[in-house]
Amino acid sequence: MARKVKIPATKYPVERLTLDNGLRVVLTPDRSAPVVGVAVVYDVGIRSEPEGRTGFAHLFEHLMFQGSENLEKLAHFRHVQGAGGSFNGSTHLDYTDYFEVLPSGALERALFLEADRMRGPRLTEENLRNQVDVVKEEIRVNVLNRPYGGFPWLKLPAVMFETFPNAHDGYGSFTDLESATVDDAAEFFRKYYASGNATLAVAGDFDVATATELIQRHFGDVPARPRPELPGFDEPGLTAERRESYVDKLAPLPAVASGWRVPDPVNAFGDYLPYVVLAEVLTDGDASRLVERLVQRDRIVTSIGGYIGFMGDEYQVRNPTALLLQAHMPPGGDADKVLRVVDEELDRLATGGLAPGELARTQARMATHLLRDTDAVLGRALPMAVLELQRGRPELLNELPRLVGEVTEEQIVAAAAALRPESRATVEVVAGANQ
Amino acid sequence: MTKHTLPDLVPDSKIRLPKQAERTLGTGLTVIAVRRPSVPLVELRLRVPFGRAPLARATLLSQALFTGTTSMSSIDIAAELQTVGGGLSAGLDPDRLLVTGNSLVSGLDRMLDILAEVLTEPAYPADEVGTERDRLVDHIQVAQSQPAHLARTALLERVFGRHPYAVQTPTPEQVKGVRPAQLRALHADRVRPEGAVLVLVGDINPEKAIDAAERALSGWKGTGKDSTVPPAPPLEPGPLLLVDRPGSVQSSLRMALPAVPRTDPDHPALQLANMVFGGYFSSRWVENIREDKGYTYGPHTSIEHFIAGSTLVVAAEVATEVTGPALLETIYELGRIASLPPGEEELEQARRYALGTLRLSMSTQAGLAGLASIYASFGLRLDYLTAHSAALAAVTREQVAEAAAKYLAPARAVTVVLGDAELVEGPLSALTSVERTAE
């Protein structure tokens with residue numbers, strides 16, 4: 001049935017301002033629930049960490065929770081949770097975020113806490129050693145002690161890219177983590193954590209004038225430092241297929257992931273967006289092309305997923321990045337065969353186009369996902385902070401369902417035609433358990 | 001320069017429950033509809049009583065529920081749902097079959113029609129069921145290579161013994177033996193509206209949404225087989241069970257402690273005692289073994305509620321070389337909370353966290369739908385949020401101390417460790433008696 005539904009949109013208001021110290025601020029009020037989300041995002045991530053210091057951006061994120069100008073160790077956690085809130089932070093390829101969600105009466109407290117660490121974390125040898133231990137346990141639990149650990153986000157970049165910023169393991173080697181010093185941390189903070197290199201977004205139940213005054217009060221006297229020049233991380237795309245495999249001693253079944261470079265997500269957004277939609281046409285749900293063919297019909301994979309950005313953050317990543325397909329296979333699965341069928345299906349799409357209704361239903365489901373994410377205050381504060389940081393366009397969040405809905409069949413077909421075997425990088429997991 | 005000091009909190013406003021309606025249909029299905037118009041979507045949750053259902057068949061049924069009806073294939077179902085921005089999926093816990101979904105609000109009628117067809121005219125086509133069976137077998141095999149799954153499996157067996165809750169994942173061999181006809185029979189026996197609860201939350205008029213559900217689901221009829229699960233047995237503390245996982249670079253430490261249902265008068269005090277001990281980041285245990293010692297990344301504790309009983313579960317993945325010391329600190333912190341009353345300030349902090357997170361959990365459509373559906377499984381409604389908040393606010397320090405002594409005493413714990421037994425048995429044996437088993 002090709003009946004097309006109307007794609008609705010959100011109309012979250014967006015106010016922008018910049019403080020004298022360069023901090024860019026986004027305010028998006030919505031008084032429908034008595035909660036606020038606060039996000040501070042710094043323009044530094046895994047790609048900026050120095051050689052010999054793999055994992056440092058993430059380790060430094062941990063150190064930002066270890067006390068600051070007016071706060072002892074443990075105080076940040078206690079003040080957020082003691083206000084009824086939750087906190088976290090995460091390190092991405094191009095940015096590092098810190099955020100809280102709290103009952104709205106705790107807004108000023110959250111602003112105070114974020115401003116305090118923007119002035120400077122307490123970097124001590126003891127805290128550094130403690131957090132190196134914690135991060136090592138994080139890597140053990142997420143990578144070393146489980147099957148498919150780091151697959152494919154830590155494994156595929158090394159196959160796909162040449163340069164250190166793009167190719168290295170962002171969780172870091174234990175050797176590099178153990179080599180980190182307090183001086184390294186101080187220098188990293190000085191260079192990258194300037195107020196002018198950050199954005200602050202507040203979403204939820206607040207009054208704009210009051211919040212503006214509170215932000216001035218707490219962030220206004222954070223000293224300005226020069227903002228680092230934004231490095232370009234681009235490198236040439238592949239001209240011949242690349243393929244590697246590794247044995248995962250804990251994995252009982254084989255798996256495979258491939259990546260293809262896509263247009264610049266920020267500077268060529270119009271060219272990039274069709275690839276975001278294509279990933280969903282290929283893999284979203286039982287009626288998608290690759291699930292229908294590989295899982296249901298040929299039964300050569302047990303699951304397949306497709307997305308853009310190694311961390312699944314398609315609207316918050318800069319160039320270079322990739323469209324990824326990852327598949328888990330049944331016992332004795334054949335990665336060559338899986339890739340051959342993927343190529344066949346891409347060819348079929350590139351030459352035969354889409355079925356009636358196929359694009360519209362994919363777009364409708366994407367709209368639901370986008371709208372659902374924005375229902376949470378952090379689902380607005382976090383992406384808006386990053387969109388401000390990378391594009392100066394936080395209101396893009398409101399526009400995404402419509403823009404996704406405007407992608408045409410011709411654009412999808414052209415995107416599918418661009419995913420050629422010779423421009424593909426592939427990494428294969430060889431099952432090593434019970435052998 | 002301005003002096004910056006910690007700002008005061010503006011006191012919380014009274015909890016305001018969203019507009020809602022409820023109706024139990026003639027078929028025995030209860031429908032609860034809640035209005036939160038924040039985004040133009042609707043969330044759907046359906047829980048059907050499934051206690052004591054045969055495990056392998058029930059698990060495969062939950063994976064195969066959307067494989068086809070008399071008039072639609074699995075692909076038709078998925079495509080039709082997508083057309084209205086929708087999606088539905090199913091899962092299983094020891095008490096219920098759970099259907100979860102959402103769509104653009106304009107698609108609610110269509111989503112309900114498709115759900116009705118899946119419930120009343122299931123086909124379980126042999127081919128599709130075969131595919132889902134193979135996928136489930138592979139999925140279970142992968143789960144069995146994950147330490148968290150293995151540790152949980154061992155803990156459940158040790159806690160529940162011969163009770164139906166003891167085994168919650170079937171073996172691959174059991175799944176391989178399930179036939180489509182058995183799924184059709186199980187569906188006819190158990191996928192019935194009597195005692196089931198449908199929750200709809202979103203940009204809806206609650207009465208009209210219930211009307212829509214009644215129209216769409218009027219043909220879903222009948223009473224399922226008795227799903228009453230016998231009461232869970234009391235915990236029987238004994239030697240620490242050490243499950244060998246040679247070469248493991250971490251040990252999975254699990255403890256089960258007694259707990260009570262949400263409706264028990266001890267529950268609010270137990271919840272706060274658990275918070276102070278290890279139930280959130282700013283707890284004694286997490287500050288000790290993570291922020292002071294660096295033994296672990298994500299230690300956590302939670303009260304798990306099932307219909308036939310509640311359990312408090314303590315969980316941490318710790319480096320192999322500190323397995324003994326991590327157990328030592330865990331026993332110490334349990335002993336401390338069970339023996340000495342909490343401080344005033346740490347109790348207030350835990351209380352504010354418990355109250356605040358209740359508010360956060362009801363601030364989205366998906367959050368409200370989850371709460372309304374879970375509460376309804378236990379005979380509660382969203383007004384439990386108000387009553388529970390009042391109860392948390394009233395709990396005294398003495399009540400928390402009493403609850404901690406009663407439920408958190410380390411002597412009452414059932415303990416399981418999954419790890420490299422060659423390396424950790426010695427250090428663990430220094431602290432408690434250990435019984436070793438192969439993986």
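A note on names: the letters A, B, ... follow the listed sequences, proteins ahead of strands, and every chain is numbered from 1.
- In this structure, no portion of B:S89 lies under 4.5 Å from any heavy atom of chain A.
- Heavy-atom minimum distance, B:Y295 versus B:P325: OH-CB, 3.4 Å.
- Residue A:P330 touches chain B through both its backbone and its side chain, counting heavy-atom pairs closer than 4.5 Å.
- Heavy-atom pairs under 4.5 Å with chain A were tallied for B:D8, B:N102, B:I15; the largest tally goes to B:N102.
- With a threshold of 4.5 angstrom between heavy atoms, A:Y12 approaches chain B through side-chain atoms but not through N, CA, C or O.
- Residue A:R140 touches chain B through both its backbone and its side chain, counting heavy-atom pairs closer than 4.5 Å.
- Between B:E346 and A:R78 there is no salt bridge, since no side-chain nitrogen of the basic residue lies less than 4.0 Å from a carboxylate oxygen of the acidic one.
- At a 4.5 Å heavy-atom cutoff, B:E348 makes no contact with chain A through either its backbone or its side chain.
- Between chain B and the residues A:V141, A:N70, A:D116, A:L144, the most heavy-atom pairs under 4.5 angstrom are made by A:V141.
- Counting heavy-atom pairs closer than 4.5 Å to chain A, the top residue among B:A148, B:G87, B:S13, B:S74 is B:G87.
- We find that A:R117 and A:E69 are not joined by a salt bridge, their nearest charged nitrogen and carboxylate oxygen being 4.0 Å or further apart.
- Interface remark: A:N127 contributes no atoms to any contact with chain B (heavy atom separation under 4.5 Å).
- Of the listed residues (A:S32, A:S104, A:G204, A:G379), the greatest number of heavy-atom pairs within a distance under 4.5 Å of chain B belongs to A:S32.
- Of the residues considered (B:A78, B:G356, B:S106, B:P7), B:P7 shows the highest number of contacts with chain A, using heavy-atom pairs under 4.5 Å.
- Neither the backbone nor the side chain of A:E126 comes within contact range of chain B; no heavy atom of the residue lies under 4.5 Å from a heavy atom of that chain.
- In this structure, chain A has no heavy atom under 4.5 Å from any part of B:S73.
- Counting only N and O atoms by type, the side chains of B:S38 and A:D375 include a donor and acceptor under 3.5 Å apart.
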Report task. Test side chain to side chain donor-acceptor pair (under 3.5 Å) on B:K293 and A:N130 and set out the steps. Result -> CA-CA 7 Å; B:K293 310 286 192 317; A:N130 167 248; over 6 Å; no
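- Between the side chains of A:H62 and A:E138, a donor-acceptor pair is found at a separation under 3.5 Å.
- Between chain B and the options A:E358, A:E292, A:Q363, heavy-atom pairs under 4.5 Å are most frequent for A:E292.
- Ranking B:L9, B:I75, B:V105 against chain A, the residue ahead of the rest is B:L9, based on heavy-atom pairs under 4.5 Å.
- Heavy atoms closer than 4.5 Å to chain B are found nowhere in A:K249, neither backbone nor side chain.
- In terms of non-hydrogen atom pairs under 4.5 Å with chain B, the most contact-rich of A:N142, A:V134, A:V301 is A:V134.
- The choice from A:R109, A:H328, A:K6 that makes the most heavy-atom pairs within less than 4.5 Å of chain B is A:R109.
- Only the backbone of A:L102 comes within contact range of chain B, judged by heavy atoms closer than 4.5 Å.
- Heavy-atom pairs under 4.5 Å with chain A peak, among B:Q349, B:R359, B:E317, B:Q250, at B:Q250.
- Looking only at atom types and distance, the side chain of A:R380 has no donor-acceptor partner in the side chain of A:N398 under 3.5 Å away.
- Of the residues B:I204, B:V34, B:V39, the one that meets the side chain to side chain contact (heavy atoms under 4.5 Å, CB included) test with B:Q365 is B:V39.
- Taking 4.0 Å as the cut-off between side-chain N and carboxylate O, B:R290 and A:D133 do not count as a salt-bridged pair.
- With a 4.5 angstrom heavy-atom cutoff, B:D12 touches chain A only via side-chain atoms.
- Contacts between A:H79 and chain B at a heavy-atom distance below 4.5 Å involve the side chain alone, from C-beta outward.
- Of the atoms belonging to A:L253, it is side-chain heavy atoms, and not backbone ones, that fall under 4.5 Å from chain B.
- Of the atoms belonging to A:V80, not a single heavy atom falls under 4.5 Å from chain B.
- Considering only heavy-atom pairs separated by less than 4.5 Å from chain A, the leading option among B:D292, B:T5, B:L81 is B:T5.
- Taking the six-membered ring for Trp, B:H300 and B:Y280 have ring centres at least 6.0 Å apart.
- Heavy atoms of A:Q66 lying under 4.5 Å from chain B belong exclusively to its side chain.
- Taking the six-membered ring for Trp and the full ring otherwise, A:F87 and A:F99 have centroids separated by 6.0 Å or more.
- Between A:E178 and A:K136 there is a salt bridge, since at least one side-chain N of the basic residue sits less than 4.0 Å from a carboxylate O of the acidic one.
- Looking at A:T10, only its side chain comes within 4.5 Å of chain B, counting heavy atoms on both sides.
- With a 4.5 Å cut-off on side-chain heavy atoms, A:L214 and A:F206 do not count as touching.
- Side-chain polar atoms of B:S282 and A:Q81 form a donor-acceptor pair below 3.5 angstrom.
- Under the 4.0 Å criterion applied to side-chain N and carboxylate O atoms, A:R217 and A:E108 are assigned as salt-bridge partners.
- With a threshold of 4.5 angstrom between heavy atoms, B:D127 approaches chain A through its backbone and through its side chain.
- In this structure, chain A has a heavy atom under 4.5 Å from the side chain of B:R36, while its backbone stays farther away.
- Taking the ring centroids of A:Y171 and A:H58, they lie under the 6.0 Å cut-off.
- Between A:R361 and B:E80, none of the side-chain N atoms (NZ, or NE/NH1/NH2) sits under 4.0 Å from a carboxylate O, so this pair counts as no salt bridge.
- With a 4.5 angstrom heavy-atom cutoff, B:L41 touches chain A only via side-chain atoms.
- Remark: the backbone N or O of A:G82 is paired with a side-chain donor or acceptor of B:R352 at under 3.5 angstrom.
- Interface remark: B:T357 contributes backbone and side-chain atoms alike to the contact with chain A (heavy atom separation under 4.5 Å).
- Within the 4.5 angstrom heavy-atom criterion, no atom of B:V137 approaches chain A.
- For A:R129, no part lies under 4.5 angstrom from a heavy atom of chain B.
- Side-chain contact between B:L382 and B:M362: absent, with no pair of heavy atoms (C-beta onward) separated by less than 4.5 Å.
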